Each structure stands twice: as structure tokens, then as C-alpha cells.
Amino acid sequence: MKKLILVSIILISLSGFSQNNSGSSKKSKFKNKVMSKEDLKITGKVRKSNKNTTPKPNASKSDALPAKKNVKTKNFDAYKTHFIDQLWQLNPVWASKEGFHKYDAAIKIPDEKNRTKKLIAYQTLLNQLVEFDTTLFKTKEKTDYALIDNFLNSSMWYINEYKDYEWNPATYNLGGAFDAVLRNNAATDDEKTDFLSKKLSLVPLYYQQAKTNISKATVEHTELAIKQVKGSLTIFKNDIPDVVNNSTKPNATKASIFNRLAEAIAAIEDYTKWLEKKYLPKIKKDGAARSFRLGKELYTQKFNYDINSKLTADEIYNKALNEKQETLKKMEEIAVNLWPKYFENTSMPANGAVKQLIEKISEQHVERTDFIEAIKLQIPELKKFVEKHDLVYLDPEKPLVVRETPKYMVGVAGASISSPGPYEKDGETYYNVTPLDNYNDEEAESYLREYNNYMLQILNIHEAIPGHYTQLVEANKVPSIIKSILGNGTMVEGWACYTEKMMLEEGYGNNQPELWLMYYKWLLRIISNTILDYGLHTQNLSESAALDMLVNDAFQETTEALGKIKRAKLTQVQLCSYYTGLTEILELRNLYFEEVKGSLRDFHDNFLSHGSVPVKEIEKLIIP
């Protein structure tokens, strides 16, 4: 393995990259102006002056850029190669997580200098991008273009406007950065040790800068940081020592590395202690904490960049309000038929029957100690049903591994999927399940009632088969590296939500009314995610009103509802991805059947074959 040099490099020049001859060293005809920090401030002012006239700030339209030229499309491949190369140099930790390990030894210190380098690089890449004439592109190339364009504009917006490096202490969590190095199965312990040694040397400076950056944090993100960064210490105290000890390095070298490790651990512990003992008490006492509420303007912009849909935030919010009422009516219809089964000698009340039925059915759940095992047992059943009904291709060479959620990831979601990056296509896909160890008896019972025997099946459809796991395995096969790394979360979550409905429509569960009732409860959760998120961040929805909505209107258990409110406060916009993606996919499926007239299996395989790209882009690829 080549020796890596730890320097902060930004490749603004395009040596070896030319529109005329991508394989030669001729000077590029791309405009290679290196923007100054003052230029970037001016660019930001231009964006601010236009941001009320367009729903989505777009640097490629608002900045003064050269007119597009007719460029041979083959040179777009050269541009994409250059784009990826710069992306990984600027974001080495992201590169490692995607399975590209050239920069495993690097960590970018989160200071103003590196943020400015990113801004300059992204603006330069955007200037180069808009020189292409997309009318000459094939549809798949247009999709890559759209993804890059959204990424570059979004990334500059995050630095210039969102500025979470100032108010979110949880962004400074190096657990994942080191875990990605440790999980590199292609590297020997000696090679990993070399990377770890260099990476460890940067940790003290990294957290010193983190403390400098944090100026007005939210209470919620500070509390999350304390929990997650403390959780990351298991990697530093357990996993890293194992690798170093297993290496063949001389004892003196190992001793030096352990000294660096001790300094890194001390820096992490100092950071969490500072947050917990000094910073958090101070902002609580002084009332100096930033509100978790993003506000309508930032929320709308973040929605446009992150969700990347034909629908606006206002449109999906209004759709959610309407579908909430329609779903409640369907649940009432099911309740009429189910009531005698569970309340044989009791008249069905005019109001509250659905809630009573859900509470009664929710008593059927696994024991807390069996929660993870119950999930493992359900996976083969889902696989069997999908294959029997020929619903979608399941790759037999890509097994799913159910595991406990790593401690550095705990604190946001109870279940999630971790899939290998595009450079590690043979890596394992993990279904992360958080055990109920941190719950008291009452909290655990509430959680288990929420994920009762019926709801647990829907959870596994969503997270595993044919939901996230199935989709992400196929996404990793897409030839375009752009589509692999710039995936759209709305499509990913939308697919998982879509499969829940599709599976029941195709007969999963033998049309049990209990399962359908719980599905509609789950659908209400998806709908309520949007209403909750939009309300908290743009309408000053109170937490008490939010809790009432989730518990009484959406029939959620209190533990689940409180967790969802916490998540909405921490993530902003992401909770809208579920309902938005579901809505878009159902509309696209109807259009596909009308225009293409293929089978359900055809639609699913075709839809998944293009990677994790926005649904609006997939529509262009599969509809003639």
C-alpha cells in the first residue's frame, strides 16, 4: 500500500483533464478561475438577493457564468472522474465510509480554512459543470448531471447558510471515521495500523477546533453529541488496540501509537466533559441556546436540496393532511369488522374504537430479551414470500446480517440499515437493531407494544425485505459511481414505505385485518412524520401539541412518540422523505402501468436498476 502524505490539498487546476482530450495532458479549456474568499461572499450575496424569487437557490443560475458550449459528451466521463477525485480529497472520511481507502489516514480539521477550500472547489466544479451542453446527453448522463448540480449547490448552501458546524456538536463524532478504517477487509492489520497512527495524531487538533467552532448550539444537539461521542470511545478503547496489538509492528512503534491513542482518547473525553459540564449548563442557565426550530426559509431550502422532489414542502404537507383523514376512515371501517372478535360482549363506541382495538392488539408482542432474535427469525419468511410471488429480484449472493446497533450510532433511530459502499460491493449489509437495554420496564413495554407482532413484520419489510436491504443491494450494482455516492434519501425511504403497502396488496399476511389495521397505523406514522416535522420547524408547533397528535391521532405509544419528536428536532426535513417518496413512487407506478403496461415485477426491477436517484429522475429513465 502506498504511503499517504497528510496534507490539505485542493485541486483547483485540472492537470491531465481536458474537454478536448481527456486522456492527454493538454491544458483544459474549462474556466479555472480560483475564486477568492471575497468572491464567495459576493456569490453568497447574489444568492441571498434571489432566494425569495425562486423556491430553490441555485448557484448555477444566479452566478455570472460563461455560456454553455457544445462539448462532446465523452468528456463528461472525464469530468465525473475529476469530480470524484476532488470529492474524496475534500471529504476523506466520507471516502473511507464508501469503501475508497486511499485517504484513510486523513481527517480534515473543521476550520475556516478548510471550509473556504471546499467552497472554492465546489464553485469551480460548478463553473465547469455548466459548460456542458446537456441537450447532447443521453438520459442517464442527464441524471448524473442533475445529481452533481444538486450536490454542489447544496454543499455550498450547507456551508454558507445552514452552518451546522456552529450549532451542532454532534457533527464532531469521529467514531464512524475510525470504524471505516477498521472495517477495510482488504487491508492488513499492519496497513490499518499505519493509517490509524496518522489519523490518531490529528484527533486532539480536531476537537480543539470543534470547541472553537461551537458558538450557539441547540440543547438537543449538544445532548446527542455527549451520548454519541461517548459511545465512540468503545472504538478507541477496544477495537483500535486490538488491531495494533495484532499487527507485526515493533514494540517501540506500538508504544508510540498507543501514546497517540491515549492523547486522542483524552481529547475526546475532554470534548464530552466540556459539553456536559461547562457548555450545556451555561447555555441552559443563560438561555443562550439556539432554538432547534429551523424556520420557514431555511426549512424550505433544505427540503428542496435534501428531498429533491417535484413536490414542494408546502405541497407534501397539504397532501399529508388530506391523506391523514382518508387513512383514519379506512381504519374505522376495519374496526367495525374487528370489534366483535376482541370485544365480543361490548358495544362498539361511537368514538375511540380504533384506539381501543390497537391497544388490545398491541398486547401481542415478543419479550424484550427476544426482540432482536424475533427480527432474525422473520427475515427468511419475507424472503420466501417475495420469491414465491415473483415480486422483485433478491440477490442470493448478498446476505443480510442482523446486529446490535453500534454504540456510536445510537440515539436517533431504533432500527436502520448499513450497506457497503460502491468500492466494497462484496461487503456485508447490516440490519442495525438497538436493544432495549437503556429502557426501564415501563418504557420497554411501551416500545414493544408499538412494535407488536404485526407492526414488527411491517418494520422488517421496511428495513429488510423487500425494503431498504433489497433496494440498496441493487443500487450498489449501478455502474455510475455518481448515482452510488450521491444517493437520494427520499427515493430510498420512499421505496421502503412503498414495499409495506405493496406486500399487503399482494397478499402478505393473508389479508389479516389486524395486519391491515397496523399497516394503516404505520402509514399514519409516515404521514404524521411530515406533519410533525413541518409543524415543528415552520409553524411553531408546541411539543405538547405534537405529542397529542402522535398519541391520540396517530395512535402511537408514548415512548415512540417522544422518540419521534426528539428525532424531528435533531434532523429537520428527513422525516418528510418517507411520505414524499411513497407518494412519488405510487404516482410513478400508476404512470408506468399506463404507459409501459409491464408487470409489477417489471416495474420493481426497472425502478431499482437505476440506483438511489430522485424519483423524478427515475421517471425520465423508465417512462418512454
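Remember, it's a predicted structure, so these values are computed and weren't measured experimentally.
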Is [X] reaching over with its side chain to a backbone N or O of [Y], donor-acceptor style, under 3.5 angstrom?
X      : Y      : result
Arg260 : Ser197 : yes
Arg403 : Tyr430 : no
Thr405 : Thr434 : yes

Output yes when [X] and [Y] qualify as a salt bridge under the 4.0 Å nitrogen-oxygen rule, no when they do not.
X      : Y      : value
Lys192 : Asp104 : no
Lys483 : Asp144 : yes
Lys383 : Glu387 : yes

Nearest-0.5 Å distance, [atom1] of residue [X] to [atom2] of residue [Y]:
X      : Y      : atom1 : atom2 : answer
Ile417 : Glu463 : CD1   : CD    : 5.5 Å
Leu205 : Ile109 : CG    : CD1   : 4.0 Å
Thr234 : Asp179 : OG1   : CG    : 9.0 Å
Asn173 : Lys230 : CG    : NZ    : 13.5 Å
Ile585 : Glu619 : CD1   : CD    : 12.0 Å
Thr193 : Ile240 : OG1   : CD1   : 10.0 Å

### Message
Is it the case that the ring center of Phe236 lies less than 6.0 angstrom away from the ring center of Phe178?
### Response
yes

### Query
Can the ring centroids of Tyr172 and Tyr207 be said to lie less than 6.0 angstrom from one another?
no

### Task
Take Tyr145 and Phe132 through the ring-ring contact (aromatic ring centres under 6.0 Å, His included) test and state the conclusion after the steps.
CA-CA 9 Å; Tyr145 182 101; Phe132 287 101; 7.3 Å; no

### Task
For the residue pair Phe100 and Tyr103, categorise the inter-ring angle as parallel (less than 30°), tilted (30 to 60°) or perpendicular (more than 60°).
tilted

### Sub-4.5 Å side-chain heavy-atom contact between Ile307 and Gln574
no

### 4.5 Å side-chain heavy-atom contact, Lys108 and Val93
no

### Task
Would you please test Lys198 and Asp194 for salt bridge (charged side-chain N to carboxylate O under 4.0 Å, His left out) and show each step?
CA-CA 7 Å; Lys198 295 170 184 176; Asp194 287 337; over 6 Å; no

### Query
Applying the ring pair (Phe, Tyr, Trp, His ring centres under 6.0 Å) test to Trp157, which of Tyr162, Phe151, Phe303 qualifies?
Tyr162

#### Entry: Partner of Trp495 by ring pair (Phe, Tyr, Trp, His ring centres under 6.0 Å), out of His604, His610, His468
His604

Does [atom1] in [X] sit with more than 12 non-hydrogen atoms of other residues, nucleotides or ligands closer than 6.0 Å?
X      : atom1 : answer
Lys302 : NZ    : yes
Asn185 : CG    : no
Lys273 : NZ    : no

